[in-house]
Amino acid sequence: MKVYNTMTRAKEELVTLTPGEVRMYVCGVTPYDYSHIGHARSAIVFDVIRRYLEYRGYRVTMVRNYTDVDDKIIRRANEEGVSTAEVSDRYIEAERRDMEALGVLPPSVAPRATEHIAEMVGLIERLVAKSVAYVVDGDVYFEIRRFPPYGRLSGKNLDELLAGARVEVDERKRDPRDFALWKAAKPGEPSWPSPWGPGRPGWHIECSVMSIRYLGESFDIHGGGTDLIFPHHECEIAQAEADTGKPFAHYWLHNGMLNLGAAKMSKSLGNTLTIRALVKRHPPDALRLWMLGTHYRHPIEWSEERADEAARALQTLWGPEERLRKWVDSSTFASSAGELPTEFAEHRTRFIEAMDDDFNTPAALGSLFDFGHALNRASSVSPQHLVRGARELSSLAHTLGLTEPKPRIQGLSAEIGQQIEVLIRERATARMNRDWKRADEIRSRIESLGVVLTDSSSGTEWEMKQK
RNA sequence: GGCGGCGUAGCCAAGUGGCCAAGGCGGAGGUCUGCAAAACCUCUAUUCAGCGGUUCGAAUCCGCUCGCCGCCUCCA
């Protein structure tokens, strides 16, 4: 299979360091507030990548970190008059709930920066010893000129970087482009002891340390949003490779940004959309289907309407198995194992080809919708083959993390559910007496509760109305 | 200024040299049904921002023009 590598700006054949095994690291959040829809995209993109690699038979070790020491956390803690740990604990907990609500699998390891301070100090010490880093007033900086490949990932020309003039001028730095590895403690900030005095780590060092700690000095995939390419990932590479002398991550994968209307989401503009608010209004599968309808590297714009459309489209994916469960006896269901019938094999093949091509989820979904329609149309196929096909479709949808048929009675109390059952029985009587007027009255009463009735030869089904 | 990306049907979105330009939503008609819904069938881009070029052949390659966006500073 092929993946697009930001480092080479090309699709490359995926060759892992250990055959059959993928070791990947994805940059997680800084827990100083509730996670927003942009975090959701990154999480879902790499969740799908991880699930698909596993589907293809790889054993995947996935690490996603928490940056739990940072300016924004400190500011938040000071505003609230609580400890930084209290702030980060709260939002890490919230993030875990959000991820669960979105159907994002927990990473194999979810380390926190503050649990690895000693290792960071160790790495910085080695960099200082090698003279690629220097100490100034209790701060430690990485000296960019000592690491010639700096700028390769982001395609930056170092001179132009300097000419950009947006680099903060700090007279104490040897070069304005040098970045902090360690920051001397200021009053009111959390700090840890170090050979250079009390302080805290710079942002980039944690990812170098934790990825190496859990995945080794060289590993397969490093991911994150495109906004992290520079400077964050550039700096990670510099720190890690200056220390180990070995290639750090082999493949750099970056998801495109999610925009809210014209403007990029930004706290200062107040146009953030939190995951917790989002999942109250949209089924997680609808959100995921909507996101996967655009290739992960392309930017995507949030739209309430697009998410509603996705919820409607979900039916084609879950419908075939759901319907067959009703019409086919359970022994047929049980006996439907084995090879995928040839009449459906092309859909799976198309799915795999699409996903093998840099995780082309829009094309993969196309094959799934075709699969669904083919199942609905296949009247001359044996029940065993139909069931086998329908279960294959569900299973492929599952490898994209689309996990659940839509809820039937979500948001309805048991009493209302019973009321509806009573009304349906009344209506059945009316229909038997061919009292269509009465039957339609009852239907519209039930519909005003947000429930849709479906008549068929075997009785009346009901479900929550789609948006 | 530097680096990168985008412009495909009413909307969303794949496709990056050659079968009729995927798929979703929406829309139109039809089958089925007491009605409705679901499901199914058919239709909905002679054309890929514009112009020029390369080629037997281009949405796909090259050049120019127009429009839009991201990064270069904390950010998924």
Side-chain angles (χ1 to χ4, degrees), chain A residues 6 9 26-30 32 35-46 64 67 70-72 75 151 154-157 159-168 203 223-232 234 254-259 262-268 289-290 292-295 297-301 303 305-317 319-320 322-323 350 354 357 360-373 375-379 430-431 434-437 439-440 443-444 447 452-457 460-463 465-466:
Chain A
T6 305
R9 292 166 201 267
V26 179
C27 288
V29 297
T30 300
Y32 73 105
S35 296
H36 58 64
I37 185 172
H39 299 123
R41 184 181 197 199
S42 183
I44 286 174
V45 161
F46 287 102
R64 194 174 58 226
T67 303
D70 162 90
D71 290 344
K72 292 186 290 279
R75 194 188 318 136
S154 51
K156 301 230 176 276
N157 176 309
D159 298 330
E160 282 160 355
L161 203 60
L162 194 58
R166 294 178 79 173
V167 182
E168 189 183 331
W203 174 34
T226 55
D227 52 350
L228 297 182
I229 295 170
F230 186 90
H232 185 53
E234 201 73 76
H254 292 98
N255 65 276
M257 295 292 98
L258 186 153
N259 299 310
K264 182 184 170 180
M265 207 160 21
S266 126
K267 304 248 158 151
S268 55
L289 184 63
W290 163 67
L292 300 184
T294 298
H295 187 87
R297 286 194 278 119
H298 291 174
I300 186 171
E301 192 171 309
S303 153
E305 292 71 34
R306 293 296 94 69
D308 289 341
E309 287 175 9
R312 287 189 282 272
L314 237 22
Q315 189 53 32
T316 306
L317 266 23
E322 212 174 73
R323 255 189 307 284
R350 266 216 290 148
D357 183 16
N360 189 340
T361 54
L365 286 170
S367 76
L368 258 31
F369 285 110
D370 285 344
F371 197 166
H373 294 306
L375 285 161
N376 290 333
R377 207 179 306 136
S379 52
R431 290 181 71 213
R434 307 185 70 81
D435 182 355
W436 310 127
K437 198 176 163 218
D440 289 345
R443 180 205 291 282
S444 59
E447 277 182 358
V452 177
L453 297 184
T454 309
D455 297 326
S456 73
S457 53
T460 299
E461 297 274 339
W462 63 276
E463 63 186 12
K465 196 184 287 182
Q466 295 287 323

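Chain identifiers are assigned alphabetically (A, B, ...) following the order of the sequence lines, protein sequences preceding nucleic acid strands; residue numbering begins at 1 within each chain.
- OP1 or OP2 of rG26(B) sits under 4.0 Å from a side-chain N or O of Arg312(A).
- Nearest nucleotide to the Ala439(A) side chain, out of rG34(B), rG24(B), rG23(B): rG34(B).
- His39(A) has its NE2 atom 11 Å from the C1' atom of rC74(B), to the nearest Å.
- Applying the side chain to side chain contact (heavy atoms under 4.5 Å, CB included) criterion to Arg75(A), with sequence neighbours excluded, gives Lys72(A), Glu79(A).
- Comparing rC72(B), rG24(B), rC12(B) by their nearest atom to the side chain of Phe369(A) picks out rG24(B).
- Minimum atom distance to the side chain of His373(A) is reached by rC40(B), of the listed rA76(B), rC40(B), rC72(B).
- For the C1' atoms, the distance from rU8(B) to rC48(B) is 4 Å, rounded to whole Å.
- With rounding to whole Å, Asp308(A) atom CG is found 13 Å from rC12(B) atom C1'.
- Donor-acceptor pairing under 3.5 Å, judged by distance alone, is present between the side chain of Asp440(A) and the base of rG34(B).
- Among the nucleotides rA38(B), rA76(B), rC74(B), the one closest to any side-chain atom of Lys72(A) is rC74(B).
- Distance CD (Gln315(A)) to C1' (rA37(B)): 11 Å, rounded to an integer number of Å.
- Among the protein residues, His254(A) comes within range of no part of the nucleic acid, since none of its heavy atoms lies under 4.0 Å from any strand.
- Spacing between rG57(B) and rC25(B) at atom C1', rounded to whole Å, works out to 35 Å.
- Within 4.0 Å of Asn360(A), counting heavy atoms only, lie sugar-phosphate atoms of the nucleic acid but no base atom.
- Rounded to an integer number of Å, the gap from CG of Asp227(A) to P of rG4(B) is 19 Å.
- Under the 3.5 Å distance criterion, the side-chain polar atoms of Glu301(A) are left unmatched by any main-chain donor or acceptor of Asn259(A).
- Rounded to an integer number of Å, the gap from CZ of Arg323(A) to C1' of rA37(B) is 12 Å.
- Checked against Leu292(A) for a side chain to side chain contact (heavy atoms under 4.5 Å, CB included), the options Val45(A), Thr361(A), Asn360(A) give a single hit: Thr361(A).
- The P atoms of rC72(B) and rU54(B) are separated by 42 Å, rounded to the nearest whole Å.
- In this structure, the NE2 atom of His295(A) is 13 Å from the P atom of rG5(B), given to the nearest Å.
- Using a 4.0 Å heavy-atom criterion, one finds that Asp70(A) contacts no nucleic acid atom at all.
- Panel note: side chain Ser367(A), backbone Ala364(A); a donor-acceptor pair is recorded below 3.5 Å.
- Ala313(A) comes within 4.0 angstrom of sugar-phosphate atoms only, judged by non-hydrogen atoms across all strands, and of no base.
- When the P atom is used for both rG5(B) and rU42(B), the distance is 40 Å, rounded to whole Å.
- Distance noted for atom C1' between rA37(B) and rG70(B): 44 Å (whole Å).
- When heavy atoms are screened at a 4.0 angstrom cut-off, Gly319(A) is found touching no nucleic acid atom at all.
- Closest to the side chain of Asn255(A), from the set rA76(B), rC35(B), rU73(B), is rA76(B).
- Side chain of Arg41(A) to backbone of Gly256(A): a donor-acceptor contact under 3.5 angstrom is found.
- Nucleic acid contact class of His232(A) (heavy atoms, under 4.0 Å, all strands): none.
- Between rC40(B) and Asn376(A), a contact under 4.0 Å exists linking OP1 or OP2 to a side-chain N or O.
- With pairs defined as Watson-Crick or G-U wobble and both atom distances under 3.5 Å, the stems of at least three pairs that touch RNA chain B come out as B:1-7 with B:66-72, B:10-12 with B:23-25, B:26-31 with B:39-44, B:49-53 with B:61-65.
- Rounded to an integer number of Å, the gap from Leu317(A) CG to rA38(B) C1' is 16 Å.
- For Asp370(A), the side-chain hydrogen bond (donor to acceptor under 3.5 Å, both in side chains) partners two or more places apart in sequence, or in a different chain, are Arg350(A).
- RNA chain B is contacted by both Val29(A) and Trp290(A); Trp290(A) maps to the nucleotide lying nearer its 5′ end (nearest heavy atom per residue).
- Comparing rA59(B) with rG18(B), their P atoms sit 10 Å apart, to the nearest whole Å.
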Hey, mind stepping through Asn376(A) and Arg323(A) against side chain to side chain contact (heavy atoms under 4.5 Å, CB included) and telling me if it holds?
CA-CA 10 Å; Asn376(A) 290 333; Arg323(A) 255 189 307 284; 2.8 Å; yes
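- Nearest-nucleotide positions on RNA chain B place Glu309(A) closer to the 5' end than the other of Glu309(A) and Gly256(A).
- Spacing between rG24(B) and rA13(B) at atom P, rounded to whole Å, works out to 16 Å.
- Which of rA22(B), rC71(B), rC74(B) sits closest to the side chain of Pro362(A) comes down to rA22(B).
- Among the protein residues, Arg431(A) comes within range of the nucleic acid bases, having at least one heavy atom under 4.0 Å from a base atom.
- If you check every strand for non-hydrogen atoms under 4.0 Å, Arg443(A) touches a base.
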Phe371(A) vs His373(A), test: side chain to side chain contact (heavy atoms under 4.5 Å, CB included). Steps then yes/no.
CA-CA 6 Å; Phe371(A) 197 166; His373(A) 294 306; over 6 Å; no
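- With P as the reference atom, rA9(B) and rU60(B) are 15 Å apart, rounded to whole Å.
- Between the CG atom of Leu228(A) and the C1' atom of rA76(B) there is a distance of 6 Å, rounded to whole Å.
- Residue ring and base: Trp436(A) counts as stacked with rG34(B) (centre distance below 5.5 Å, interplanar angle below 30°).
- We find the NE2-OG1 distance between His39(A) and Thr30(A) to be 7.5 Å, quoted to the nearest 0.5 Å.
- Of all nucleotides listed (rC35(B), rA76(B), rA13(B)), rA13(B) comes nearest to the side chain of Thr294(A).
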